[in-house]
S.K.: 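The structure follows.
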Amino acid sequence: GELAAPGAEGSLGFGKNIVIDTENPRVLVLGALAADGTYHQGDSLELTVAWSRAVFVDLTFGRPALRLNTGYAKATAHYARGSGSNVHVFRYVVGPSENSSDLDALGATFLVGGAVLKDAYNNPADPTLPAVSATGSLAVQKNLVIDTQPTVVDVRSALPDGKYGLGKIIPVEVVFSEPVYTRGAAALQMDVGATVVLAYAARGSGSEVLVFDYVVQAGHEKNPLTYASPDALLGDIHDGVFAAALRLPAVHAERSGVA
């Protein structure tokens, strides 16, 4: 005989309430339990991911993480709790050399990290995050500033490789993890062979790069030119809050070359 019309007595829809759901949970808002303000090295912040529906997290093979825009490639907030609810909490501990004027996620998605995220109907969660600085992003929801001690990340020179003689000014650039300021004279001890001379900061205060001008003088012989030691940077250098760590890369190590 004929089947009953959909919804009519005797039909499947009349006698049962079976729902088909294949919608993937999606991220609605990236926020934080932490109050607006400035945070420093060692501070712990709890960030939140709000889903469109409850999401379960299986940590058997890994832990989800959020990449953050602190200028440090490995800065992440790791999943802490919230499985089975529509709000998951990620914990971020501020590390050295991490800075951000308005903390936000870095990248279009969070890192699943081998974990399995799905809803009660076995639908996998979509790891796509709200676009940076868009509605639903952390930067729009909160005003979280990350400020740590400035550190030296590179030493270089804009001059091409080559030999330079008497009277030549050689600019040596010391690159910091964030903008820094000088208070009084700042100097860099240069190893020029038989002696050590000072190159003084000539420009760059208020930026990430301080430029020290070394002037070649009679009797200077050095191949290649280097600073005297990892402790060769001298002076009062700061970011307005913290004094900079003045330790330089080891002489002849990567990011130490100036010749």
Side-chain angles (χ1 to χ4, degrees), residues 38-42 67-75 94-103 106 145-259:
T38 300
Y39 294 86
H40 307 299
Q41 184 176 341
R67 292 173 293 185
L68 301 171
N69 66 339
T70 66
Y72 177 59
K74 296 182 180 179
V94 180
S97 301
E98 295 183 15
N99 297 279
S100 177
S101 60
D102 196 1
L103 190 65
L106 181 67
V145 177
I146 306 301
D147 186 14
T148 63
Q149 182 184 39
T151 58
V152 176
V153 297
D154 198 5
V155 182
R156 65 197 186 195
S157 179
L159 285 182
D161 292 346
K163 291 185 178 182
Y164 296 92
L166 189 66
K168 179 66 177 180
I169 297 176
I170 298 179
V172 180
E173 300 177 349
V174 177
V175 184
F176 288 85
S177 57
E178 61 174 300
V180 294
Y181 303 87
T182 57
R183 186 182 292 116
L188 186 62
Q189 295 174 323
M190 302 300 298
D191 180 355
V192 294
T195 187
V196 171
V197 299
L198 294 179
Y200 288 95
R203 53 199 173 277
S205 184
S207 74
E208 296 176 355
V209 182
L210 292 182
V211 182
F212 297 77
D213 282 345
Y214 157 61
V215 182
V216 181
Q217 301 173 31
H220 292 184
E221 296 286 343
K222 185 66 177 178
N223 181 18
L225 177 66
T226 65
Y227 43 81
S229 75
D231 298 314
L233 183 57
L234 310 173
D236 185 353
I237 302 172
H238 61 93
D239 67 356
V241 178
F242 295 104
L246 302 184
R247 186 78 173 175
L248 300 172
V251 177
H252 299 306
E254 185 179 2
R255 299 189 181 280
S256 70
V258 296

S.K.: To the nearest 0.5 angstrom, please state how far the CZ atom of Arg67 sits from the CG atom of Asn69.
M.R.: 12.0 Å

S.K.: Testing the basics here: between Pro150 and Val180, what is the closest heavy-atom pair and its distance to 0.1 Å?
M.R.: CB-CG1, 3.7 Å

S.K.: Can you find a side-chain donor-acceptor pair between Asp147 and Thr38 that sits under 3.5 Å?
M.R.: no

S.K.: Take the angle between the ring planes of Phe242 and His40 and call it parallel below 30°, perpendicular above 60°, tilted in between.
M.R.: perpendicular

S.K.: Given side chains that start at C-beta, do those of Arg156 and Val209 come closer than 4.5 Å, heavy atoms only?
M.R.: yes

S.K.: Going from CD on Glu178 to OG1 on Thr151, what distance comes out if it is rounded to the nearest 0.5 angstrom?
M.R.: 8.0 Å

S.K.: How long is the straight-line distance from CG of Leu248 back to CG of Leu188, given to the nearest 0.5 Å?
M.R.: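 Answer rounded to 0.5 Å: 6.5 Å.
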
S.K.: Is there a side-chain contact between Val215 and Lys168, using heavy atoms and a 4.5 Å cut-off?
M.R.: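 Result no, sub-4.5 Å side-chain heavy-atom pair not found.
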
S.K.: Measure across Val251 and Ser229 and return the closest heavy-atom pair with its distance rounded to 0.1 Å.
M.R.: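 Reported closest heavy-atom pair: CG2-CA, 3.8 Å.
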
S.K.: In the structure I gave you, are the side-chain heavy atoms of Gln189 and Leu198 within less than 4.5 Å of one another anywhere?
M.R.: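 Counting from C-beta outward, Gln189 and Leu198 do come under 4.5 Å.
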
S.K.: Could you tell me whether the side chain of Leu233 reaches within less than 4.5 Å of the side chain of Tyr227, counting heavy atoms only?
M.R.: no

S.K.: Closest heavy-atom contact between Ala250 and Pro230?
M.R.: CA-CG, 4.0 Å

S.K.: I need the minimum non-hydrogen distance between Gln149 and Ser177, along with the two atoms involved.
M.R.: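 Looks like O-OG, 4.2 Å.
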
S.K.: Among Val172, Thr226, Val196, which residue satisfies the side chain to side chain contact (heavy atoms under 4.5 Å, CB included) criterion with Met190?
M.R.: Val172

S.K.: Could you tell me the separation between the CG atom of Leu234 and the CZ atom of Phe212, rounded to the nearest 0.5 Å?
M.R.: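 It comes to 8.5 Å.
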
S.K.: Are Leu68 and Glu98 close enough that some pair of their side-chain heavy atoms sits under 4.5 Å apart?
M.R.: no

S.K.: Run the numbers on Asp213 and Arg203 for side chain to side chain contact (heavy atoms under 4.5 Å, CB included), then give the verdict.
M.R.: CA-CA 9 Å; Asp213 282 345; Arg203 53 199 173 277; 3.0 Å; yes

S.K.: Does the pair Tyr164 and Leu225 meet the rule for a side chain to side chain contact (heavy atoms under 4.5 Å, CB included), with working shown?
M.R.: CA-CA 10 Å; Tyr164 296 92; Leu225 177 66; over 6 Å; no

S.K.: Any side-chain heavy atom of Leu246 within less than 4.5 Å of one from Asp231?
M.R.: no

S.K.: Please round to the nearest 0.5 Å and tell me the distance separating atom CG of Asp236 and atom OG1 of Thr182.
M.R.: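 These two atoms lie 8.5 Å from each other.
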
S.K.: Shortest non-hydrogen contact from Gly206 to Pro179?
M.R.: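 Smallest interatomic distance, heavy atoms only, reads O-CB, 3.7 Å.
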
S.K.: If you define the side chain from C-beta out and look only at heavy atoms, does anything of Ile237 sit under 4.5 Å from Val174?
M.R.: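 Side-chain contact under 4.5 Å: no.
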
S.K.: Looking at every non-hydrogen atom in both residues, tell me the closest pair between Ser97 and Thr148 and how far apart they are.
M.R.: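 Answer, listing the atom of Ser97 first, then Thr148: N-OG1, 3.3 Å.
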
S.K.: At what distance, to the nearest 0.5 angstrom, does NE2 of His220 lie from OH of Tyr214?
M.R.: 5.0 Å

S.K.: In the structure I gave you, are the side-chain heavy atoms of Phe176 and Asp239 within less than 4.5 Å of one another anywhere?
M.R.: no

